[in-house]
A.B. asks: 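Let me give you the structure first, and then I'll get to my questions.
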Amino acid sequence: MKLSILDLVSVVEGGTAREALDNSAAAARVAEECGFQRYWVAEHHGMEGLAGAATSVALAHIGQGTSRIRIGAGGIMLPNHNPLVIAEQFGTLDALYPGRVDLGLGRAPGADQRIMRALHKDTNRAAEDFPQDVVELRALFAGDPRVPLQAYPASGAKVQMWILGSSLFGAQLAAMLGMPYAFASHFAPDHLDSALKIYRERFQPSEQLDAPYCVAAINVVAADTDEEAQLLASSMDQAFVALRTGNPGKLKPPVPGYRDSLPPQAHAMLEHVRQVSATGSVETVRAGLAAFAERTGVDEVIVAASIFDQTARLKSLRLTAEAAREMVDS
C-alpha cells in the first residue's frame with residue numbers, strides 16, 4: 001500500500017508557530033525514513049491553531065530537512081490566489097527541490113467570509129473561475145506561448161498538479177482535464193464512493209496522465225493499544241468540534257472519554273464526520289487501512305491526524321507504516 005501524509009501544521013496549546021513548523025519538518029523526515037510517498041500541507045487562514053497559511057513557505061522549510069519524499073500542497077485554495085503567483089511560488093519550490101513538488105488545488109476558500117474580504121476576493125466569482133484558473137496554471141508551468149505573461153521560474157517546472165475535492169465537482173473536473181484526484185474523506189465522507197466512481201468513469205487521458213490515479217484521505221492514529229490511540233485522537237476530536245461550533249483554537253491535550261462527554265447532537269456529528277478513520281494498535285490500524293483500500297480501490301492512501309504530543313505523533317507514523325507493511329506481507 002502506498003501511503004502519504006496530510007499535515008495541518010497544528011500549533012499545540014502552549015506552543016508556537018515555529019515549534020509547529022519544526023515539528024512538521026521532523027515528522028516529514030520520519031515519514032521519509034518509513035517510506036511514505038508524499039507529505040502535503042493544507043492551506044488555512046485566520047486560525048491561530050494552524051501554521052500552514054503561507055503554504056509554500058512551510059513547504060520550503062519541510063523540503064530543506066528531507067531529500068526524497070515528495071512535498072506539496074494538499075491543497076492550495078486557488079480562489080484565494082492569482083494563478084501567476086502560485087506558479088511562481090511552486091516553480092520556485094521545484095527549483096529548490098526538483099522533481100519532488102506536488103500542487104493540489106481546491107475550489108473551497110479555506111476560510112470564512114472575513115478572510116475573503118481581507119484578500120479582496122469575490123467568493124462566488126472566484127469559485128466560478130476555478131476551472132479556468134486551473135487550465136491557466138497548467139499552461140504557465142508548461143511555458144505555453146499563448147499565455148500573455150510567462151511565470152519564472154515556473155515555466156518548464158515539473159510540478160505535479162492535482163485536483164482536490166470533497167464533493168462531485170472536483171471529480172468531474174479532474175476527469176475532464178486528465179489530472180490525478182484526491183478526495184478529502186477524512187472530514188467529508190459522504191460523497192467518497194460517488195466521487196471516485198465518477199472520476200474513473202469519465203477520465204480522459206492527458207499529456208500528464210494516461211489513466212486515472214486517485215487517492216483518498218483517512219484519519220489514522222496508531223499507538224501500542226487501542227485505548228491509548230483513542231485517547232490521543234481526542235485532541236483531533238476536540239479541534240473539530242471547536243471548529244464546527246465556531247470556536248477554533250490551538251490543539252488541546254488529550255481528554256479521557258471525550259466523545260462520551262459530548263451532548264448527543266455533537267457526538268453524532270463527530271461520529272459521522274470521523275467515520276473514515278483507523279484508530280488503535282497496529283493490528284486495528286492494519287484492519288482499518290485494509291478495509292478502506294478494499295472499499296475505495298485507490299492507488300494511494302493519504303493519512304491525516306493531529307496529535308498533541310510530538311513523540312506520540314512520530315510513533316504513530318512509524319506504527320502506521322508498520323501496519324501497511326504487514327498488509328503487504330500477509
A.B. asks: Starting at CG of Asn23, measure out to CD of Gln310 and round the result to the nearest 0.5 Å.
C.D. replies: 3.5 Å
A.B. asks: Working to the nearest 0.5 Å, report the span between CZ of Phe292 and CG of Leu192.
C.D. replies: 5.5 Å
A.B. asks: When you measure from the side chain of Ser194 to the backbone N and O of His191, does any donor-acceptor pair fall under 3.5 Å?
C.D. replies: no
A.B. asks: Might you point out which heavy atoms bring Tyr181 and Ser167 nearest each other, and give the distance in Å?
C.D. replies: OH-O, 3.4 Å
A.B. asks: With side-chain contact (heavy atoms from CB on, under 4.5 Å) as the test, would you mind laying out the steps for Val11 and Leu251 before giving the verdict?
C.D. replies: CA-CA 6 Å; Val11 183; Leu251 189 68; over 6 Å; no
A.B. asks: With rounding to the nearest 0.5 angstrom, report the CZ to CD1 distance, Arg295 to Ile218.
C.D. replies: 9.5 Å
A.B. asks: Mind checking the CZ-CZ spacing from Arg68 to Phe36? Nearest 0.5 Å is all I need.
C.D. replies: 13.5 Å
A.B. asks: Inspect the contact between Asp22 and Arg18 and indicate whether a charged nitrogen and a carboxylate oxygen are less than 4.0 angstrom apart.
C.D. replies: yes
A.B. asks: Mind listing the closest non-hydrogen atom pair of Leu59 and Gly72 along with its distance?
C.D. replies: CD2-O, 3.3 Å
A.B. asks: I'd like to know if the side chain of His45 pairs up with that of Glu43 as donor and acceptor (distance under 3.5 Å, no hydrogens or angles considered).
C.D. replies: yes
A.B. asks: Which word best sums up how the rings of Tyr213 and Trp162 line up, parallel for under 30°, tilted for 30 to 60°, or perpendicular for over 60°?
C.D. replies: perpendicular
A.B. asks: When you group the ILVMFWY residues by side-chain heavy-atom contacts below 4.5 Å and let the links chain together, are Met1 and Val221 in the same group?
C.D. replies: no
A.B. asks: Between Asp224 and Lys315, does at least one N-O distance fall below 4.0 Å, as a salt bridge requires?
C.D. replies: yes
A.B. asks: Between Lys197 and Glu201, does at least one N-O distance fall below 4.0 Å, as a salt bridge requires?
C.D. replies: yes
A.B. asks: Counting neighbours of CD on Glu271 that are heavy atoms of other residues, nucleotides or ligands and sit closer than 6.0 Å, is the number greater than 12?
C.D. replies: yes
A.B. asks: Hey, is Asp237 close enough to Arg259 for a salt bridge, meaning N to O under 4.0 Å?
C.D. replies: yes
A.B. asks: Does the distance from a Lys or Arg side-chain N to an Asp or Glu carboxylate O, for Arg286 and Glu322, drop under 4.0 Å?
C.D. replies: no
A.B. asks: For the residue pair Thr66 and Arg100, confirm or rule out a side-chain donor-acceptor distance under 3.5 Å.
C.D. replies: yes
A.B. asks: With side-chain contact (heavy atoms from CB on, under 4.5 Å) as the test, would you mind laying out the steps for Leu103 and Phe141 before giving the verdict?
C.D. replies: CA-CA 11 Å; Leu103 174 54; Phe141 284 124; 3.7 Å; yes
A.B. asks: Apply side-chain contact (heavy atoms from CB on, under 4.5 Å) to the pair Ser4 and Val303, showing each step before the final yes or no.
C.D. replies: CA-CA 6 Å; Ser4 294; Val303 301; over 6 Å; no
A.B. asks: Mark yes or no for whether Glu136, through its side chain, and Leu84, through its backbone, hold a donor-acceptor pair below 3.5 Å.
C.D. replies: no
A.B. asks: Just by distance, no angles: are the side chains of Trp40 and Asp102 close enough, under 3.5 Å, to form a donor-acceptor pair?
C.D. replies: yes
A.B. asks: Under 4.5 Å between side-chain heavy atoms, hopping through other hydrophobics if needed: is there a path connecting Ile198 to Val298?
C.D. replies: no
A.B. asks: With a 3.5 Å cut-off and no angle check, do the side chains of Ser281 and Glu283 form a donor-acceptor pair?
C.D. replies: yes
A.B. asks: Could you give the distance from CD (Gln132) to CG (Leu137), rounded to the nearest 0.5 Å?
C.D. replies: 12.5 Å
A.B. asks: Just do the side-chain hydrogen bond (donor to acceptor under 3.5 Å, both in side chains) check on His272 and Asp190 with the steps written out, would you?
C.D. replies: CA-CA 9 Å; His272 175 75; Asp190 290 344; 2.8 Å; yes
A.B. asks: To the nearest 0.5 Å, tell me how far Arg107 CZ sits from Met77 CE.
C.D. replies: 11.5 Å
A.B. asks: Answer yes or no: is there an ion pair linking Lys252 with Glu13, defined by an N-O contact shorter than 4.0 Å?
C.D. replies: yes
A.B. asks: Starting from the C-alpha separation in whole Å, work towards a yes-or-no answer on side-chain contact (heavy atoms from CB on, under 4.5 Å) for Tyr199 and Leu168.
C.D. replies: CA-CA 9 Å; Tyr199 172 67; Leu168 304 185; over 6 Å; no
A.B. asks: Can you tell me which residue among Val220, Ile307, Ile5 is in a side chain to side chain contact (heavy atoms under 4.5 Å, CB included) with Leu317?
C.D. replies: Ile5
